[in-house]
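Here is the structure we will look at.
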There are 4 protein chains.
Amino acid sequence: MEKCDKRDLIVRAALELVAEQGFHGAPMAMIADKAGVGAGTIYRYFENKDALIRGIYCMVEARVVAAILKDYPDNGPVRERFMHFGTVLVNYLASAPLELRFVEQFHNSPFGVDHRREKIFGKGEKDIISELFQEAIEQQIFKPLPLSILFALFFSPLIDVCRDQILGFINLDQELIEQTVGACWDAVRR
Amino acid sequence: MEKCDKRDLIVRAALELVAEQGFHGAPMAMIADKAGVGAGTIYRYFENKDALIRGIYCMVEARVVAAILKDYPDNGPVRERFMHFGTVLVNYLASAPLELRFVEQFHNSPFGVDHRREKIFGKGEKDIISELFQEAIEQQIFKPLPLSILFALFFSPLIDVCRDQILGFINLDQELIEQTVGACWDAVRR
Amino acid sequence: MEKCDKRDLIVRAALELVAEQGFHGAPMAMIADKAGVGAGTIYRYFENKDALIRGIYCMVEARVVAAILKDYPDNGPVRERFMHFGTVLVNYLASAPLELRFVEQFHNSPFGVDHRREKIFGKGEKDIISELFQEAIEQQIFKPLPLSILFALFFSPLIDVCRDQILGFINLDQELIEQTVGACWDAVRR
Amino acid sequence: MEKCDKRDLIVRAALELVAEQGFHGAPMAMIADKAGVGAGTIYRYFENKDALIRGIYCMVEARVVAAILKDYPDNGPVRERFMHFGTVLVNYLASAPLELRFVEQFHNSPFGVDHRREKIFGKGEKDIISELFQEAIEQQIFKPLPLSILFALFFSPLIDVCRDQILGFINLDQELIEQTVGACWDAVRR
DNA sequence: TATGAATGAGCCTTCATTCAT
DNA sequence: GATGAATGAAGGCTCATTCAT
């Protein structure tokens with residue numbers, strides 16, 4: 001319990017610092033300080049800073065997936081399920097600035113590329129989202145494009161929009177979110 | 001001549017290093033080394049590392065814009081002009097891995113946010129692309145969404161796709177490019 | 001204990017280097033080396049080089065004041081008290097070459113001017129020496145001159161003499177010291 | 001002519017920068033800039049930075065001596081001649097902040113010590129001031145103290161007072177100057 | 001297990017000096 | 001003679017990581 005507790009404190013502190021200040025602004029000592037633990041303690045839970053960063057990413061990813069899958073309309077029509085994905089994703093990220101900023105930092109770094117490579121060429125345990133895309137392609141609901149292009153068409157704009165919302169460049173409301181997700185749907189559907 | 005020569009060597013070296021190794025992997029000494037100049041020389045051309053990075057970004061941005069505007073069908077129908085933008089952009093970026101990787105590093109950093117803020121809230125000298133978007137909105141060709149959302153819908157997937165191409169995750173050909181750009185068009189058009 | 005130990009080692013090393021080689025001749029790395037600590041360790045005890053220098057100065061000043069106040073004839077006649085100040089000061093400084101050289105370096109530097117300004121215009125917590133001067137002025141024992149001029153008349157020659165002694169330009173003994181301090185007394189007294 | 005002109009420009013620029021910013025604040029490039037010459041040009045007139053500094057000191061010293069000897073009452077009584085030295089010196093230095101600040105920088109540095117050593121133990125070309133001190137000692141007007149102590153008693157306070165005037169810590173007028181020089185006379189006379 | 005002082009390699013930047021023009 | 005771009009050693013400082021307690 002203790003162990004998990006500290007680990008969590010460390011992760012939270014690092015997440016916040018990286019999100020707000022970038023990797024540069026998150027030295028281990030500062031993370032430890034913010035977490036209220038000794039600097040050396042971090043190394044009990046993570047082999048080194050890279051491992052810590054990757055650990056945080058996994059956690060964030062898991063949370064996002066969990067959010068998306070909550071109330072997921074398993075048996076609804078394809079469009080409804082995609083709209084669910086999109087709106088929940090935007091609602092989640094737009095209200096989780098730290099997670100979003102962190103993820104963006106992560107994606108552009110040696111980490112990001114490796115992680116993406118792993119994901120695409122890796123053992124490929126089927127996840128529910130990929131499956132849904134696959135299904136939509138097979139049912140000829142989606143354009144006959146490679147999976148990763150469809151991913152880009154559907155998710156990239158949403159993440160960008162969340163970032164702009166967080167940075168105060170736009171002001172999302174539910175209607176705007178639905179319109180935007182709808183636009184992404186238009187991009188992928190036949 | 002000499003002067004331009006050195007400046008250019010420095011820029012190329014820095015671009016390459018940042019693109020391949022990230023900001024972390026591009027210390028000034030290494031940039032100087034790769035450029036074949038003394039470490040101090042960089043500071044004759046750029047006030048400091050930040051200025052160097054920003055300088056490179058501006059150069060890359062200018063090049064991309066130049067590429068996009070080449071053979072731009074000024075008087076063609078809106079859709080044709082957008083397709084031109086999209087395909088030229090993808091062709092350019094997919095064949096310019098260093099520029100693309102650099103730009104992505106740049107966008108996620110204090111630099112990037114500042115730059116974006118400047119662009120959105122700044123003096124706002126009308127650029128040709130914004131004008132085209134504006135026009136398409138007014139003509140009710142585009143969905144009635146904020147400009148920055150339309151930008152995200154149209155450009156984000158394209159850039160993501162270029163990245164995947166460069167990293168070898170997909171294999172673009174002209175047909176695929178056109179289909180992808182077409183999908184982006186579907187996202188923004190009414 | 002450990003902490004004080006290292007801090008002290010650093011201070012000693014810096015004092016010695018600055019005294020012997022000037023500020024220029026005392027890079028942080030060399031100080032660390034001489035102190036037998038890592039370069040980074042210095043920054044655990046002092047925010048930066050400036051703070052280190054100022055810290056040393058305060059320490060030296062405190063030591064000098066302590067030396068001067070030892071056996072101070074609180075209730076003796078004014079002249080005796082001044083002679084005490086002068087002779088003890090010279091004896092102390094003439095036997096503390098490092099302190100003296102350091103203080104001289106310090107006085108001529110941005111530090112020195114700031115420190116002097118602070119002292120003269122600052123909150124002005126009354127120190128025992130200023131009080132004694134004030135008393136001597138009020139009792140019309142001293143010439144009616146501004147305090148800082150009296151300070152100069154009494155202390156400047158003494159410090160100069162100490163420096164010459166240390167540099168081997170003269171050879172002080174107790175008699176000479178007393179004669180010199182007596183001369184300074186002649187300068188300030190009516 | 002040209003040559004002397006440039007040399008002078010360089011000296012003036014360096015004097016000003018060193019006086020105002022200290023040695024740290026006077027890089028060769030900045031001196032060259034302020035002098036309106038090329039950086040390399042300085043090296044035509046001075047072997048290196050040290051030589052430049054020493055050259056400036058010699059110039060300043062010569063000017064001060066010249067000022068002191070102007071209207072020097074060759075045949076006046078000893079006291080009058082000393083009062084002349086003192087008052088002229090203070091008047092000169094108090095109105096020449098750059099020279100004074102420079103000299104103070106110079107004195108506390110490897111330069112200063114070497115220069116002083118040279119002066120005391122050097123070939124010892126008799127200068128007019130030393131001669132006057134010597135004379136006063138022999139006539140038993142002065143206390144029987146070593147020459148360098150008498151120098152310290154007479155000159156140190158005056159220079160200190162000038163510095164305080166320049167830094168705005170006191171406000172000298174002719175009467176105050178005379179009183180102060182008089183006090184210095186009291187220090188050295190029997 | 002937890003700590004945090006200590007480390008030292010490495011970073012960005014400055015600047016005295018040189019040398020091709 | 002004059003220039004100033006180029007150099008690279010050196011400086012102040014940071015920070016991931018270790019280890020004695």
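Below, chains carry the letters A, B, ... as their sequence lines are ordered, and counting in each starts from 1.
Paired runs in DNA chain E that reach 3 or more consecutive Watson-Crick or G-U pairs, where each pair keeps both distances under 3.5 Å, cover E:2-21 with F:2-21.
Applying the salt bridge (charged side-chain N to carboxylate O under 4.0 Å, His left out) rule to D/R54 yields no partners; only residues at least two apart in sequence or on another chain are considered.
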side-chain contact (heavy atoms from CB on, under 4.5 Å) between B/E20 and B/L98: does it pass, once the steps are laid out? CA-CA 7 Å; B/E20 286 171 355; B/L98 298 180; 4.1 Å; yes

Starting from the C-alpha separation in whole Å, work towards a yes-or-no answer on salt bridge (charged side-chain N to carboxylate O under 4.0 Å, His left out) for C/R63 and C/E99. CA-CA 9 Å; C/R63 275 198 220 161; C/E99 270 91 340; 2.4 Å; yes

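When side chains are defined from C-beta on, B/V113 does not count as touching A/R163, because their heavy atoms never get closer than 4.5 Å.
Across E/dT13, E/dG4, F/dA16, the shortest atom-to-atom separation from the side chain of A/Y43 is found for F/dA16.
Note on ring orientation: taking the six-membered ring where Trp is involved, the planes of D/H24 and C/H24 are tilted (angle from 30° to 60°). Between B/F106 and B/F111, the two ring planes are parallel [angle under 30°; tilted spans 30° to 60°].
Using a 4.0 Å cut-off between charged nitrogen and carboxylate oxygen, C/E16 and C/K34 count as a salt-bridge pair.
Remark: P of F/dT18 and CZ of A/F46 are 16 Å apart, rounded to the nearest angstrom. Between C/R44 atom CZ and E/dG8 atom P the separation is 15 Å, expressed in whole Å. For the pair D/Y45 OH and E/dT17 P, the interatomic distance rounds to 18 Å; values are reported in whole Å. Put simply, CZ on D/R7 is 13 Å from P on F/dG1, counting in whole angstrom units. One interatomic measurement links the two molecules: CG of A/L52 to C1' of F/dC15, which rounds to 14 Å at whole-angstrom precision. To the nearest angstrom, P of E/dT1 lies 15 Å from CG of A/D5. The interatomic distance linking B/E47 (CD) with E/dT13 (P) rounds to 9 Å, in whole Å.
Not less than 6.0 angstrom separates the ring centroid of B/H107 from the ring centroid of B/F102.
OP1 and OP2 of F/dG4 both lie 4.0 Å or more from every side-chain N or O belonging to B/K6.
Of all the residues in residues 22-40 of chain C, C/V37, C/G38, C/A39, C/G40 reach under 4.0 Å from DNA chain E with at least one non-hydrogen atom.
Each of B/K49 and B/T41 lies near DNA chain E, and the nucleotide nearest B/K49 is the one positioned closer to the 5' end. Of the two residues contacting DNA chain E, namely C/I42 and B/N48, the nearest-nucleotide position lying further toward the 5' end is that of C/I42.
Between atom CG of residue B/L17 and atom CE of residue B/M30 there is a gap of 6.5 Å, rounded to the nearest 0.5 Å.
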